[in-house]
S.K.: 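Below you will find the structure I want to go over with you.
Remember, it's a predicted structure, so these values are computed and weren't measured experimentally. Remember, it's 1-based here, ligands and their atoms both numbered in the order they're listed.
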Amino acid sequence: MDKTLVVTNDFPPRPGGIQAFLHNMALRLDPSGIVVYASTWKRGQEGAEATARFDAEQPFPVVRDRTTMLLPTPRVTRRAADLLREHGCTSVWFGAAAPLGLMAPALRRAGARRLVGTTHGHEAGWAQLPASRQLLRRIGEGTDTLTYLGEYTRSRIASALTDEAAARMVQLPPGVDEKTFHPGSGGDEVRARLGLADRPVVVCVSRLVPRKGQDTLILAMPRILAAVPDAVLLIVGGGPYEDDLRKLAAETGVAGAVRFTGAVPWEELPAHYGAGDVFAMPCRTRRGGLDVEGLGIVYLEASATGLPVVAGDSGGAPDAVLEGETGYVVKGGSPAQAADRIVTLLRDPELRARMGARGRQWVEEKWRWDLLAERLKELL
Ligand SMILES: Nc1nc2c(ncn2[C@@H]2O[C@H](COP(=O)(O)OP(=O)(O)O[C@H]3O[C@H](CO)[C@@H](O)[C@H](O)[C@@H]3O)[C@@H](O)[C@H]2O)c(=O)[nH]1
């Protein structure tokens with residue numbers, strides 16, 4: 001592998017799936033073989049300090065741009081080209097192909113020999129509109145390889161590319177750390193802390209945004225409670241939709257059966273999955289296809305923990321479930337469908353155990369970071 005400049009707007013400590021994807025992959029590359037050029041997390045002292053603390057712990061150098069949103073402006077392109085030369089990098093990995101991949105021709109002129117852009121759900125959204133389709137096409141022509149998460153995102157993105165660029169696409173999905181997420185990951189302690197004892201728990205772990213469908217779960221609760229009266233919905237994660245979700249729980253009359261933990265530290269995440277009997281996130285596509293799920297690492301983290309999953313049918317989310325084997329896919333935005341599948345699972349411990357065990361096995365076979373990082377190394 002040549003020395004690689006990783007150019008990314010999305011990198012921890014900012015939370016989220018793309019950030020986790022990039023960080024996990026970066027940690028599996030030779031630390032002396034990469035340099036990360038990323039945005040700063042948040043404005044102000046607090047953001048700068050959290051960013052500096054995080055960067056100091058990394059085994060590879062992280063160069064932060066002063067901006068909180070890294071875009072392919074002339075200034076950022078010049079800086080990336082300078083970093084490429086200064087560190088002797090010969091390959092470039094764009095953490096999210098759009099829009100930063102627009103810098104590809106300039107970085108090739110600056111000496112890059114291999115340019116790889118990773119696509120996520122958001123590039124599939126770009127493929128929906130005429131102006132952004134044109135930009136995706138340019139990104140496809142400027143890079144050597146665009147990676148994709150699964151069949152859904154591949155087909156959407158490929159439709160915006162030249163046939164030749166589409167043929168160069170390679171699958172690179174995110175993985176799961178199967179040693180961090182495993183059955184028996186300390187859920188009892190979380191249950192005790194939240195006063196859940198042995199109540200049946202439906203857990204959802206995600207950022208709180210409308211697409212993820214925590215609202216659908218709240219609306220499903222009356223139907224779930226009618227069948228399983230002591231069930232609890234445990235909503236793990238933080239985000240801008242929290243106030244609306246709390247209001248919705250009160251209006252629906254289920255506030256007593258819904259617990260919000262807010263965002264939890266990374267070390268506590270496995271135990272929060274472990275506190276659930278069923279994992280559910282019935283995500284839905286919004287804004288005419290622009291706001292769409294790319295895959296959904298959370299389903300895989302839940303499977304690794306040994307939980308059955310109930311997923312929504314948005315974008316590539318069904319790629320993260322083996323229908324009827326590791327869980328079920330329901331229509332996003334349908335409280336009735338979500339409730340029916342959740343009730344089936346809550347009532348049947350054997351089915352839960354069987355699906356959980358199959359999910360764990362599937363993650364070990366197909367979704368381990370170590371396996372997937374090998375694929376990235378070959379591309380770079
Ligand atoms: N520590 C912590 N982590 C959290 C919390 N809430 C969510 N996460 C973590 O944030 C990640 C969420 O990832 P995704 O489910 O993949 O969702 P996303 O942020 O919308 O990511 C987008 O890009 C991914 C990678 O391409 C796609 O898989 C996904 O579908 C989507 O398009 C998971 O690793 C999850 O554990 C929290 O409160 N605390």
S.K.: Among all the protein's non-hydrogen atoms, which is closest to atom 17 (O) of ligand 1, and how far away is it?
M.R.: Lys212 NZ, 3.1 Å
S.K.: Could you tell me whether Gly16 and ligand 1 have an N or O pair separated by under 3.5 Å?
M.R.: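 In this structure, Gly16 places no N or O atom under 3.5 Å from an N or O of ligand 1.
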S.K.: Is ligand 1 less than 4.0 angstrom away from at least one heavy atom of Tyr148?
M.R.: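 It does not, in that no heavy atom of Tyr148 comes within the 4.0 Å cut-off of ligand 1.
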S.K.: Among all protein heavy atoms, pick the one closest to atom 38 (O) of ligand 1 and tell me residue, atom and distance.
M.R.: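 Residue, atom and distance for the closest contact: Val264 N, 3.1 Å.
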S.K.: With ring-ring contact (aromatic ring centres under 6.0 Å, His included) as the rule and sequence neighbours excluded, what pairs involving residues 155-191 come up?
M.R.: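 Found Phe181-Trp266, Phe181-Tyr273.
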S.K.: Look at atom 13 (O) of ligand 1 and say which protein heavy atom is nearest, naming residue and atom and giving the distance to 0.1 Å.
M.R.: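 Of every protein heavy atom, Gly17 CA, 3.2 Å lies nearest to atom 13 (O) of ligand 1.
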S.K.: What residue and heavy atom of the protein are closest to atom 16 (O) of ligand 1, and at what distance?
M.R.: Ile297 N, 3.0 Å
S.K.: Looking at ligand 1, does any of its N/O atoms fall within less than 3.5 Å of an N/O of Gly238?
M.R.: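 In fact, backbone or side chain, Gly238 has no N or O that close.
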S.K.: How would you list, by chain and number, every residue that makes a ring pair (Phe, Tyr, Trp, His ring centres under 6.0 Å) with Phe21, sequence neighbours excluded?
M.R.: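 Testing Phe21 for ring pair (Phe, Tyr, Trp, His ring centres under 6.0 Å), a comparison that skips the adjacent residues, returns His120, Trp369.
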S.K.: Provide, to 0.1 Å, the distance between atom 7 (C) of ligand 1 and the closest protein heavy atom, together with that atom's residue and name.
M.R.: Ser206 CA, 3.9 Å
S.K.: Does ligand 1 have an atom that lies less than 4.0 angstrom from a heavy atom of Arg211?
M.R.: yes
S.K.: May I ask whether Gly296 places a heavy atom under 4.0 Å from ligand 1?
M.R.: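 The answer is yes: ligand 1 sits under 4.0 Å from a heavy atom of Gly296.
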